[in-house]
> 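Input: one structure, supplied below.
We name chains A, B, ... by the order of the sequence lines, and we start the count at 1 in each one.
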There are 2 protein chains.
Amino acid sequence: MKVSKAQQRQETIAKLLEIAREHFSTQGYAHAATEDMVKEAGLTRGALYHHFGNKEGLFRAVLESVQKEIAEQVETEAAKSQDPWEQLLNGCRAFVTSAVEHRNRRILLIDGPSVLGWEAWRKMDEEHSMQLLQAQLQSMAEQGYLAAVPIEALTHLLSGAMNEAALWIAQMPDQAHSLEQMTRAMTLMLEGYRVK
Amino acid sequence: MKVSKAQQRQETIAKLLEIAREHFSTQGYAHAATEDMVKEAGLTRGALYHHFGNKEGLFRAVLESVQKEIAEQVETEAAKSQDPWEQLLNGCRAFVTSAVEHRNRRILLIDGPSVLGWEAWRKMDEEHSMQLLQAQLQSMAEQGYLAAVPIEALTHLLSGAMNEAALWIAQMPDQAHSLEQMTRAMTLMLEGYRVK
DNA sequence: AAATTTAACATACAGACTGTATGTATGTAA
DNA sequence: TTACATACATACAGTCTGTATGTTAAATTT
């Protein structure tokens, strides 16, 4: 049976991304050995270095797919409402819910900044979910929904709050309850920016 | 000349902590080589492993001293006012100001959670600056200054917000200006929790 | 259709780094 | 002063990443 190179390439990359995501999530970047990953994929490290350049390149590609998935979730949930305030809260809750998941959490929130450096990580973040948040805030400000506040600073403040929220919820025994509590705290936090 | 063992021990540990802090801050945990650090201290890796067990142990000790310094700053600044709201805001600003510093930032906010794991990092955090924040919030809630909100969730939300705030400010060209903007955003954020 | 090129790997090896086992000298306590 | 513990130094083994080179099959060119 004959397999096209394009197809082979795509399949190999997809397989490595999936396996690496699992390894990075459970072991962390530093303790995930490239040899173990490629072995699980039925390949050798040659394939990895061919497609991703180095271990960090593989991690970056994995993080990119994590970001895309989360941004999609956030966008979908936010779009379910017409009211800007509800859109904002829906999006925030969707982000936290996604970020809590095992296959996203460590890669996105723990190892991401450490492995790529905060600036590179932040740049990636800006091109995905943070972008959505800032656009929403910007639009709300222009429509007069928000009190006078520097948008960029606010975006980072909220983003940081939600990142930690996800990490906190993730390790609590009753996650549903913790999410409720956190939603309450987040709702009040956002209230501070409602124009009076 | 004869040096007591206790004194020798103390000096060696102090020297290694200081040098390691600089190396971890500039190179990051992963790229800081133990050999380089001990060489700079005029020692060998034997000394490091004797006193700290392993590289992670050294990092943990460094982080501990970072935490202590920051908590001290926060406490000092907060104590400068009698008004609980002002204490809270002073403390928050002091935390951000300290966390921004080069010798604290990466160790505390970037590599800390990645190297020690989030749970261990959080536990250390709780024993230092986060403890102060939660105590302040708790006391404010009991005195009727705060709206009804789960304190633990709130503590993490605010802590996360400030962590990201520090990282954002750190990489902005005009840090003084950015700190002002962030203070404005933080002030409004806290307003959300003021009892109405 | 044959020849050539190129993409997708596999293999082998070098270098860096951590951790451990062991040796040694000096201070300390009985 | 002798026995022991502490504070290291030294040597070595194991792991892991990255790179250089080889190989095979598909794609492209002639």
> Quick one: salt bridge (charged side-chain N to carboxylate O under 4.0 Å, His left out) pairs with a partner in residues 15-39 of chain B, sequence neighbours left out?
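As it turns out, the salt bridge (charged side-chain N to carboxylate O under 4.0 Å, His left out) pairs with a partner in residues 15-39 of chain B, which skip direct neighbours, are Arg21(B)-Glu69(B).
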> Gln175(B): what forms a side-chain contact (heavy atoms from CB on, under 4.5 Å) with it, not counting sequence neighbours?
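Once residues adjacent in sequence are excluded, the partners of Gln175(B) under the side-chain contact (heavy atoms from CB on, under 4.5 Å) criterion are Val100(B), Ile169(B).
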> Measure the distance from CZ on Phe59(B) to P on dT18(C) and round it to the nearest whole Å.
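It is 14 Å, rounded to the nearest whole Å.
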> Sort and list the pairs that fulfil salt bridge (charged side-chain N to carboxylate O under 4.0 Å, His left out) and have at least one residue in residues 151-168 of chain B, not counting sequence neighbours.
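Qualifying pairs, neighbours excluded: Arg122(B)-Glu152(B).
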> Enumerate the side chain to side chain donor-acceptor pair (under 3.5 Å) contacts for residues 42-53 of chain A, please, sequence neighbours excluded, ordered by first and then second residue.
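Only Thr34(A)-Arg45(A) qualify under side chain to side chain donor-acceptor pair (under 3.5 Å).
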> Round to the nearest Å and state the distance from Glu11(B) atom CD to dG27(C) atom P.
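Computing the Glu11(B):CD to dG27(C):P distance gives 14 Å.
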> Kindly write out the residues that satisfy ring-ring contact (aromatic ring centres under 6.0 Å, His included) with Phe95(A), not counting sequence neighbours, or none if the list is empty.
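Phe95(A) satisfies ring-ring contact (aromatic ring centres under 6.0 Å, His included) with no other residue.
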> Applying side-chain contact (heavy atoms from CB on, under 4.5 Å), can you list everything that pairs with Phe59(A), at least two apart in sequence or on another chain?
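side-chain contact (heavy atoms from CB on, under 4.5 Å) check on Phe59(A) returns Phe24(A), Tyr29(A), Leu63(A), Ile107(A), Asp111(A), Val115(A), Leu116(A).
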> Listed by chain and number, what are the side-chain contact (heavy atoms from CB on, under 4.5 Å) partners of Gln7(B), not counting sequence neighbours?
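Checked Gln7(B) against side-chain contact (heavy atoms from CB on, under 4.5 Å); matches are Val3(B), Ser4(B), Glu11(B).
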> What is the distance, rounded to the nearest whole Å, between atom CD of Glu35(B) and atom P of dA9(D)?
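To the nearest whole Å, that distance equals 11 Å.
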> Let's see if you get this right: which residues in residues 36-49 of chain B place a heavy atom under 4.0 Å from DNA chain D?
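Only Leu43(B), Thr44(B), Gly46(B), Ala47(B) qualify.
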> Go nucleotide by nucleotide along DNA chain C from the 5' end; which of Ser4(B) and Glu56(B) gets its closest nucleotide reached first?
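Of the two residues, Glu56(B) wins.
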> State the CE-CG distance between Met162(B) and Leu157(B), to the nearest 0.5 angstrom.
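Here the rounded value is 10.0 Å.
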> Output the residues of residues 27-34 of chain A in contact with DNA chain D, where contact means a heavy atom of the residue under 4.0 Å from an atom of the strand; sort by number or write none.
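Nucleic-acid contacts, sorted: Ala32(A), Ala33(A), Thr34(A).
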> What residue pairs, at least two apart or across chains, pass salt bridge (charged side-chain N to carboxylate O under 4.0 Å, His left out) with a residue in residues 134-148 of chain B?
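For residues 134-148 of chain B: none.
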> Nearest whole Å is fine: how far is dT15(D) C1' from Asn54(B) CG?
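Going from CG in Asn54(B) over to C1' in dT15(D) covers 16 Å.
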> Between protein and nucleotides 5-8 of chain C, what N or O pairs are separated by less than 3.5 Å?
unit_1	atom_1	unit_2	atom_2	d
dA7(C)	N3	Lys5(A)	NZ	2.5
dA8(C)	OP2	Arg9(A)	NH1	2.8
dA8(C)	OP2	His50(A)	NE2	3.3
dA8(C)	O3'	Gln8(A)	NE2	3.1

> What's the verdict on side-chain contact (heavy atoms from CB on, under 4.5 Å) for Val149(B) and Leu137(B), showing C-alpha distance, side-chain angles and the deciding distance?
CA-CA 10 Å; Val149(B) 60; Leu137(B) 291 171; over 6 Å; no
> Can you pull out every salt bridge (charged side-chain N to carboxylate O under 4.0 Å, His left out) where at least one residue sits in residues 78-97 of chain B? Sequence neighbours excluded, please.
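As it turns out, the salt bridge (charged side-chain N to carboxylate O under 4.0 Å, His left out) pairs with a partner in residues 78-97 of chain B, which skip direct neighbours, are Glu77(B)-Lys80(B).
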> Lys55(A) has an atom NZ; how far is it from atom C1' of dT15(D), in whole Å?
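From Lys55(A) NZ to dT15(D) C1': 11 Å.
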> Quickly work out the Gln7(B) CD to dT28(C) C1' distance and round it to whole Å.
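Gln7(B) atom CD is separated from dT28(C) atom C1' by 15 Å.
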